[in-house]
Number of protein chains: 2
Amino acid sequence: MEPRPRGRPRTYDPAVALDQARAAFWNTGYAATSLDDLSAATGLNRPSLYGAFGDKKAMYIQALEKSRAEINVSLAAAFAPEDHLRTALTRVYEATAAIYMRGEAGPRGCFLVGTAVTEAVDDPDVRAVLAAALAEIDAAFEGRIRRAMEVGNLPGSSDAAGMARVATGVLNGMAVRARAGGDLATLRAMGASVVDLICGRAGR
Amino acid sequence: MEPRPRGRPRTYDPAVALDQARAAFWNTGYAATSLDDLSAATGLNRPSLYGAFGDKKAMYIQALEKSRAEINVSLAAAFAPEDHLRTALTRVYEATAAIYMRGEAGPRGCFLVGTAVTEAVDDPDVRAVLAAALAEIDAAFEGRIRRAMEVGNLPGSSDAAGMARVATGVLNGMAVRARAGGDLATLRAMGASVVDLICGRAGR
DNA sequence: CTCCATCTGTACCACTTCGAATCAAATTCC
DNA sequence: GGAATTTGATTCGAAGTGGTACAGATGGAG
């Protein structure tokens, strides 16, 4: 238990405030989300926001990093069980499709794909987070695919790195489609199709 | 030859102005691109822009529609020749990878994926254009894949619609990666990998 | 109780935004 | 040549932007 800090205690939880700020960014993107929007979303007024997270850009980067971390955790969890590759991949795509479709203002897809991609060209910091996240997702897929190859679920000659990038790419495509108004069935079908292509159509 | 209109002739070409405006949107996205930026990019001052295209939103929609039309034309051209499916798909992915990598301020990917995806949740008009574009790309892939099935380049039991959505998804993923700073080799490899998955690894 | 560190809230600042109004310039029709 | 008509440049204004200063609130330390 860390000792209570000296002065007046804050009346909010920075973690939930960051979640609420992220939700605001998630809907309208970085540039179109004003500090007033963030203030309304979090319930904090602007000076408090500034004190808690720094400026708008820093707040956004922290939201991006949070998503990146969450993605890593859930991918690691989904890929941990030593079941069949097809089962593992299906689990990931099903879960992702469900996540991408939620949001009270309509499906919002992936936070990174939906908002950071636009900023990435002009902003090296955003670009770095996005690139790191993609590399980590690639690595998660590739590691799981390699394990399947070792176990014999996939031919030894398979191109694990290439399959992994395709797997990530379809994930990105699902995120695009979610924001474009695609329905859950389409997203799930995309996942099922790429699983078929990677594991083989018939493959059990 | 249409007769010259009545008053003072305009000193610019609306088509090239739209291209220049699109280039500005392409780099920084819709929300972060101001009318001053557009004015600087096109060489037109604000009232002229307003007169030529309407407000900022209308200008953006026109840019989106232009990209959508261009994509349709180039996909139709790339899929027209009656060569092997693998050749046709490779042609599309190679050309797309090259397009996604150009841009003087770094790779900019696909205009629709790079900018419209962010706006699509809040703006039904943008969402409609994006959804229409995706559906058309799907249809182009699916039609070409069906032809390959008829010719016997692909098993008759193949899931053409599913493969097409995966093909589109990888295209979207390449666009994401381009903006994230990915290099041309990675984009090309992604295309080659999905072509292998669709056409079969060995298939010539 | 007094001092002080920290947080909250109001108000404010300089700046940019989009869009409109105004006026000057250029071209065709009569 | 003169009127009509369209384009172009300058300017303006109301609203919104990100960010900050300062006073008041809140609780621990001594």
Side-chain angles (χ1 to χ4, degrees), chain A residues 1-18 20-64 115-116 118-119 122-123 125-126, chain B residues 1-22 24-25 27-64 115 118-119 122-123 125-126:
Chain A
M1 301 303 122
E2 52 204 43
R4 199 89 168 277
R6 249 328 262 300
R8 175 177 176 175
R10 49 173 43 140
T11 61
Y12 60 92
D13 180 346
V16 315
L18 184 56
Q20 291 163 330
R22 178 174 59 175
F25 282 131
W26 206 327
N27 285 326
T28 48
Y30 173 74
T33 305
S34 69
L35 282 185
D36 279 344
D37 296 333
L38 294 167
S39 184
T42 57
L44 308 188
N45 46 28
R46 246 167 310 161
S48 294
L49 280 179
Y50 200 77
F53 303 109
D55 62 5
K56 182 185 171 185
K57 165 85 175 294
M59 203 175 335
Y60 181 61
I61 295 282
Q62 288 173 59
L64 288 180
T115 70
T118 299
E119 311 299 325
D122 245 29
D123 189 324
D125 300 323
V126 173
Chain B
M1 301 300 123
E2 53 204 44
R4 202 89 167 276
R6 195 75 189 302
R8 172 177 178 176
R10 50 174 42 141
T11 60
Y12 60 92
D13 180 347
V16 314
L18 184 55
D19 281 343
Q20 292 163 329
R22 178 173 58 176
F25 281 131
N27 284 328
T28 47
Y30 173 72
T33 305
S34 70
L35 283 185
D36 281 343
D37 295 333
L38 295 167
S39 184
T42 58
L44 308 188
N45 45 28
R46 247 166 310 155
S48 296
L49 280 179
Y50 200 79
F53 303 109
D55 61 6
K56 181 184 171 186
K57 165 88 176 290
M59 201 175 337
Y60 180 62
I61 295 282
Q62 289 173 56
L64 288 180
T115 70
T118 299
E119 311 299 323
D122 244 29
D123 189 324
D125 300 323
V126 173

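Everything numeric in this text was worked out from a predicted model, so none of it was measured. Numbers restart at 1 for each chain; the letters A, B, ... are given by sequence-line order, proteins then strands.
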- Note on the structure: Note: for A:Tyr50 and B:Arg46 on DNA chain D, the residue whose nearest nucleotide lies more 5' is B:Arg46

- Message: Looking at C:dA26, I'd like to know if its phosphate oxygens (OP1 or OP2) sit under 4.0 Å from a side-chain N or O belonging to B:Thr11.
- Response: no

- CG/A:Leu49 to CG/A:Leu38 distance, rounded to the nearest 0.5 angstrom? 6.5 Å

- Whole angstrom value for the distance that separates P of C:dT17 from CG of A:Asp36: 17 Å

- Item | Sub-4.5 Å side-chain heavy-atom contact between B:Phe53 and B:Leu18 | yes

- Spacing between B:Leu49 atom CG and C:dA20 atom C1', to the nearest angstrom: 15 Å

- Note on the structure: Quick note, A:Pro47 side chain, CB onward, closest among C:dT17, D:dG19, D:dT20 is D:dT20

- Given B:Arg46, which of B:Asp55, B:Asp37, B:Asp36 fulfils the salt bridge (Lys or Arg N to Asp or Glu O under 4.0 Å) condition? B:Asp36

- Task: Starting from the C-alpha separation in whole Å, work towards a yes-or-no answer on side chain to side chain donor-acceptor pair (under 3.5 Å) for B:Thr115 and B:Tyr60.
- Result: CA-CA 10 Å; B:Thr115 70; B:Tyr60 180 62; 2.7 Å; yes

- Message: Does B:Thr33 reach a base, just sugar-phosphate, or nothing at all? Heavy atoms under 4.0 Å.
- Response: sugar-phosphate

- In whole angstroms, how far is the C1' atom of D:dG18 from the CE atom of A:Met59? 10 Å

- Calculate the interatomic distance between B:Leu35 atom CG and C:dA20 atom P; express it in whole Å. 11 Å

- Task: Taking only the side-chain nitrogens and oxygens of B:Ser34, find out if one of them lies under 4.0 Å from OP1 or OP2 of C:dT17.
- Result: yes

- Note on the structure: Here the distance between atom P of D:dG19 and atom NZ of A:Lys57, to the nearest Å, is 10 Å

- Message: As an exercise, state the distance from CG of A:Leu35 to OH of A:Tyr50, rounded to the nearest 0.5 Å.
- Response: 9.5 Å

- Query: Using a cut-off of less than 4.0 Å, is there contact between a side-chain N or O of A:Asn45 and OP1 or OP2 of C:dT8?
  - Reply: no

- Query: Does a side-chain N or O from A:Ser48 land closer than 4.0 Å to OP1 or OP2 of C:dT8, or not?
  - Reply: yes

- Item | Phosphate OP1/OP2 of D:dG8 contacted by B:Tyr12 side-chain N/O (<4.0 Å) | yes

- Query: Rounded to the nearest Å, what distance is computed from the NZ atom of residue A:Lys56 to the C1' atom of nucleotide C:dT16?
  - Reply: 13 Å

- Interatomic distance where CG belongs to A:Leu38 and P belongs to D:dG16 [whole Å]: 17 Å

